[in-house]
Amino acid sequence: MAKKKGCLGCSLPVAIIILVLVVGVVVVGMLAGPIGQSFGITGLPSFLGVSQPHPQLPAETVFHIFSFPITNTIVATWITMAVLIILFAAAFSRSRLIPTRIQSVVESLLGFVYNLVTSIAGEKDGRRFFPLVATVFLFVGFNAWLSLVPGYGSILIHGHEGEAELIRGANTDLNTTLALALVVFGVTEFMGFKRMRLGYLKKFFIFGGMISAVKKLFKGKIGQAAMEFVSGFISFFTGIIELLGEFIRIVSLSFRLFGNMTAGEILLLSIAYLLPFLVPIVFYGLEVLVGFIQALVFAGLTIVYISLAVASHSSEEHGH
């Protein structure tokens with residue numbers, strides 16, 4: 001008969017030792033942080049000390065290429081691009097029928113995004129928009145996950161504006177998230193005009209009801225003309241709101257990603273300062289999940305917006 005383990009697969013004495021070590025690390029972290037300092041506890045070794053975080057919303061310039069300033073978030077963007085290139089090269093440079101672990105992980109991610117895109121846009125349009133949506137998903141996701149790697153936010157250099165972080169998560173820079181939102185906006189409008197030509201503007205500038213009202217007014221049908229004009233004006237106003245909504249998407253996409261990622265970074269810095277060492281690991285795991293959710297939301301909204309732009313063409317064709 002197999003011998004039963006005491007707790008979590010370990011013997012009871014080993015489990016007790018592990019529990020004591022965990023509690024000890026948490027207590028030492030509390031004493032080394034501001035909680036211990038507030039109680040006047042001093043004299044701890046210097047390597048146990050944790051510096052107070054100073055979050056900076058604007059990205060900091062770390063060097064220049066000619067006269068172009070390179071910020072720490074641009075450096076992080078280059079790192080993300082390099083990691084993705086290396087990852088795909090390792091996965092598919094010698095793709096096999098029986099995939100390797102790296103190939104399996106990458107294929108699983110791409111398969112997940114592909115199923116998401118085709119479930120929303122259909123098989124035909126899904127194949128067409130998949131490269132863009134997959135790129136957005138991977139770029140946003142890896143920006144978030146790589147920002148959890150040690151070195152992000154902890155390597156300091158003396159730049160042109162004083163001491164600055166060498167690498168900072170790209171998603172915490174509003175310029176990066178705004179650029180992504182503008183790409184999504186540009187592709188959405190381009191696809192709308194490509195499918196419908198100038199007819200794409202008809203869903204924003206709806207004059208049909210008011211023109212019909214004017215025609216009935218000239219025919220002497222004043223009552224019907226008044227009703228048609230009110231209905232036409234409401235339709236026209238709705239179209240203008242939808243036009244404004246197209247531009248508001250830029251703001252909502254960029255600020256949603258920027259706000260969530262920046263809040264997560266500040267949370268990690270605060271927890272690491274208040275309760276250093278063991279406790280922040282839990283929040284690191286949470287940020288991995290948050291990064292996946294933000295990438296999924298951004299990619300999902302991208303395919304929804306593009307699908308809505310091209311779906312209006314299909315509905316108009318069916319109407320004819």
Side-chain angles (χ1 to χ4, degrees), residues 73 76-77 80-81 84 106 108-148 169-196 200-201 203-204 238-265 267 286-316:
T73 53
T77 300
T80 300
M81 293 166 60
L84 286 173
V106 175
S108 297
L109 279 175
L110 293 179
F112 171 79
V113 178
Y114 181 80
N115 291 333
L116 172 70
V117 173
T118 53
S119 66
I120 295 174
E123 189 70 27
K124 182 179 178 181
D125 282 336
R127 287 178 176 272
R128 183 172 296 145
F129 305 140
F130 169 71
L132 171 66
V133 179
T135 301
V136 168
F137 176 83
L138 293 172
F139 183 73
V140 173
F142 274 80
N143 273 341
W145 296 329
L146 289 174
S147 65
L148 302 175
N171 289 342
T172 62
D173 186 357
L174 186 57
N175 293 309
T176 303
T177 60
L178 180 60
L180 284 171
L182 287 172
V183 169
V184 173
F185 172 80
V187 172
T188 300
E189 303 310 312
F190 172 78
M191 291 306 304
F193 279 105
K194 183 179 179 181
R195 289 286 181 92
M196 300 181 64
Y200 179 63
L201 296 175
K203 73 173 186 176
F204 303 122
T238 303
I240 296 300
I241 291 177
E242 187 167 352
L243 177 63
L244 292 176
E246 295 287 313
F247 291 95
I248 291 173
R249 289 173 182 175
I250 301 174
V251 179
S252 64
L253 279 174
S254 56
F255 274 91
R256 180 188 292 109
L257 180 59
F258 166 74
N260 283 292
M261 291 294 97
T262 304
E265 183 181 77
L267 174 64
L286 179 63
E287 283 302 306
V288 171
L289 177 61
V290 170
F292 174 79
I293 292 174
Q294 291 305 313
L296 179 61
V297 168
F298 208 104
L301 289 176
T302 298
I303 188 59
V304 166
Y305 292 157
I306 298 175
S307 298
L308 288 174
V310 299
S312 55
H313 172 69
S314 301
S315 61
E316 186 171 298

K.L.:
For V290 and M261: C-alpha separation, side-chain torsions, deciding distance, then whether side chain to side chain contact (heavy atoms under 4.5 Å, CB included) applies.
P.N.:
CA-CA 8 Å; V290 170; M261 291 294 97; 3.6 Å; yes
K.L.:
About how many Å separate CZ of F139 and OG1 of T135, when rounded to the nearest 0.5 Å?
P.N.:
10.5 Å
K.L.:
Between T80 (side chain only) and A76 (backbone N and O only), is there a donor and an acceptor less than 3.5 Å apart?
P.N.:
yes
K.L.:
How far apart are the C-alpha atoms of F255 and L174, what are their side-chain angles, what is the distance that settles it, and do they pass the side chain to side chain contact (heavy atoms under 4.5 Å, CB included) test?
P.N.:
CA-CA 7 Å; F255 274 91; L174 186 57; 3.9 Å; yes
K.L.:
Taking atom CZ of F130 and atom OG1 of T118, what is their separation to the nearest 0.5 Å?
P.N.:
9.5 Å
K.L.:
Quick one: CD on E287 to CZ on F292, what's the gap to the nearest 0.5 Å?
P.N.:
15.0 Å
K.L.:
Using ring centroids (six-membered ring only for Trp), state whether Y305 and F185 fall under 6.0 Å.
P.N.:
no
K.L.:
Answer yes or no: is there a side-chain heavy-atom contact under 4.5 Å between R195 and D125?
P.N.:
yes
K.L.:
Taking all non-hydrogen atoms of both residues, which atom of S307 and which atom of I120 are closest, and how far apart?
P.N.:
OG-CG2, 3.9 Å
K.L.:
Students often mix this up, so state it plainly: with edges at 30° and 60°, are the rings of F112 and F137 parallel, tilted or perpendicular?
P.N.:
tilted
K.L.:
To the nearest 0.5 Å, what is the distance between CE (M191) and OH (Y200)?
P.N.:
10.5 Å
K.L.:
Could you tell me whether a side-chain N or O of N171 sits under 3.5 Å from a main-chain N or O of L257, the two making a donor and an acceptor?
P.N.:
no
K.L.:
Can you tell me how far apart CG (L308) and CD (E242) are? Round to the nearest 0.5 Å.
P.N.:
8.5 Å
K.L.:
Could you report the tightest heavy-atom contact between A121 and G126, atom names first, then the distance?
P.N.:
CB-N, 4.0 Å
K.L.:
May I have the step-by-step check of side chain to side chain contact (heavy atoms under 4.5 Å, CB included) for L201 and F193, ending in yes or no?
P.N.:
CA-CA 8 Å; L201 296 175; F193 279 105; 3.6 Å; yes
K.L.:
Are side-chain heavy atoms of T73 and N175 found at a separation under 4.5 Å?
P.N.:
no
K.L.:
If every non-hydrogen atom of L116 is compared with every non-hydrogen atom of L296, which pair is closest and at what distance?
P.N.:
CD2-CD1, 3.8 Å
K.L.:
For a 4.5 angstrom cut-off between non-hydrogen side-chain atoms, does T177 reach L253?
P.N.:
no
K.L.:
What is the minimum heavy-atom distance between S254 and V251, and which atoms define it?
P.N.:
OG-O, 3.2 Å
K.L.:
Taking the side chain as every heavy atom from C-beta outward, state whether V184 and F298 have any atom pair closer than 4.5 Å.
P.N.:
yes
K.L.:
Do N260 and V297 touch side chain to side chain, with heavy atoms closer than 4.5 Å?
P.N.:
no
K.L.:
Going by heavy atoms in the side chains, are Q294 and R256 under 4.5 Å from each other?
P.N.:
yes
K.L.:
What's the separation between atom OG in S119 and atom OH in Y114, rounded to the nearest 0.5 Å?
P.N.:
11.0 Å
